[in-house]
Amino acid sequence: KAGVTQTPRYLIKTRGQQVTLSCSPISGHRSVSWYQQTPGQGLQFLFEYFSETQRNKGNFPGRFSGRQFSNSRSEMNVSTLELGDSALYLCASSLGGGGGPLGEAFFGQGTRLTVV
Amino acid sequence: QQQVKQSPQSLIVQKGGIPIINCAYENTAFDYFPWYQQFPGKGPALLIAIRPDVSEKKEGRFTISFNKSAKQFSLHIMDSQPGDSATYFCAASRSGSARQLTFGSGTQLTVLP
């Protein structure tokens, strides 16, 4: 079974630009969550999508947005990039059910975004 | 109330030793507690997870101990190996699933040969 696939793996952008990152979840998984990882702030939750609807949102500015398609693939977009947006962006997929063993989340390798 | 506090920040043990990483949480609504292992350049990989209806769970060399009254949980790695050298993160979430994880700050473990 293929794992979570994130593209691209590395990205360099200039301040003020926008960027779109892509995540393909594990086949059959309907929930996709996004996280930002930085040395200073650690791993922080951005948002979660399930069946094309945003179910939860973390404490990030509106420049960070996302969407999910009918095949469960998800994209996140960051507009008007700032230097502080440089981070590893991780996507996690899960079956999306409530509790029990269906709840486990599996991460992709991430997209390393550098803003210059 | 959303924080998960993890300690120590770094840990060095000899091969065969039993490193212990501790986490404490404040939000009593948390009911799912996973541990992740991350190698440089990789995403976090799920190691083991526990729910508050049990006090201990073992999977291979990894054991989670959970103390609901103290709001603490810990990871023990038995017979540690150099290949276990990685960063370990504890996390917590509500509603029994991993939909919105709150992570600890991470522990960098080094296992010396």
Side-chain angles (χ1 to χ4, degrees), chain A residues 3-7 9-10 21 23-26 29-51 53-60 68 87-112, chain B residues 1-10 21 23-25 27 29-54 57-59 62 64 66 86-108:
Chain A
V4 180
T5 303
Q6 291 189 246
T7 56
R9 290 291 313 279
Y10 303 93
L21 313 181
C23 172
S24 293
I26 293 170
H29 284 195
R30 297 168 62 193
S31 169
V32 173
S33 298
W34 289 89
Y35 293 82
Q36 181 195 65
Q37 186 174 25
T38 60
Q41 299 299 316
L43 278 152
Q44 292 187 290
F45 172 78
L46 280 156
F47 30 65
E48 184 230 357
Y49 286 87
F50 178 78
S51 291
T53 301
Q54 187 181 87
R55 252 192 329 199
N56 296 291
K57 189 176 190 305
N59 190 24
F60 278 82
Q68 186 179 35
L88 180 67
Y89 290 89
L90 292 158
C91 161
S93 84
S94 65
L95 280 166
L102 301 180
E104 278 79 2
F106 301 90
F107 283 83
Q109 294 200 74
T111 294
R112 172 74 62 186
Chain B
Q1 256 210 332
Q2 291 294 318
Q3 279 191 323
V4 175
K5 295 182 181 178
Q6 183 172 346
S7 63
Q9 188 174 3
S10 62
I21 304 171
C23 285
Y25 63 97
N27 189 343
F30 286 149
D31 58 5
Y32 173 73
F33 305 90
W35 285 88
Y36 285 85
Q37 177 191 58
Q38 186 176 29
F39 292 103
K42 303 289 187 182
L46 178 64
L47 270 179
I48 184 173
I50 198 168
R51 290 180 170 82
D53 51 338
V54 296
K57 183 176 181 180
K58 292 183 182 180
E59 283 187 7
F62 301 96
I64 299 180
F66 185 81
T87 301
Y88 292 81
F89 293 93
C90 63
S93 72
R94 300 169 58 176
S95 69
S97 75
R99 285 160 42 182
Q100 181 175 350
L101 293 167
T102 298
F103 280 89
S105 54
T107 296
Q108 189 166 351

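Below, chains carry the letters A, B, ... as their sequence lines are ordered, and counting in each starts from 1.
- Residue contact with chain B, scored on non-hydrogen atoms closer than 4.5 Å, is absent for L46(A).
- Heavy-atom neighbours of E59(B) CD from other residues, nucleotides or ligands within 6.0 Å: above the threshold of 12.
- Centroid-to-centroid, the aromatic rings of Y36(B) and F107(A) come within less than 6.0 Å.
- The heavy-atom pair separating L46(B) from A105(A) by the smallest distance is CB-O, 4.2 Å.
- Only the side chain of L90(A) comes within less than 4.5 Å of a heavy atom in chain B; its backbone stays farther off.
- Contacts of Q37(A) with chain B are made by side-chain atoms alone, with heavy-atom separations under 4.5 Å and no backbone atom involved.
- With rounding to the nearest 0.5 Å, the separation of CD in Q41(A) from CZ in F103(B) is 15.0 Å.
- No more than 12 heavy atoms of other residues, nucleotides or ligands sit less than 6.0 Å from atom CG of N59(A).
- Taking all atoms of both residues into account, the shortest heavy-atom contact from Y32(B) to E104(A) is OH-CG, 3.4 Å.
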* Under the side chain to side chain contact (heavy atoms under 4.5 Å, CB included) criterion, do L88(A) and Q38(B) qualify, and how do the steps go? -> CA-CA 13 Å; L88(A) 180 67; Q38(B) 186 176 29; 4.2 Å; yes

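- Counting heavy atoms from C-beta outward, F45(A) and L101(B) have side chains that stay 4.5 Å or more apart.
- No more than 12 heavy atoms of other residues, nucleotides or ligands lie within 6.0 Å of NZ in K5(B), so this atom counts as exposed by the packing criterion.
- Heavy atoms closer than 4.5 Å to chain B are found in the side chain of R9(A), but not in its backbone.
- Your options are G43(B), G104(B), A45(B), and the one with the most heavy-atom pairs under 4.5 Å with chain A is G43(B).
- Separating the NZ atom in K42(B) from the CD atom in Q109(A) is a distance of 4.0 Å, to the nearest 0.5 Å.
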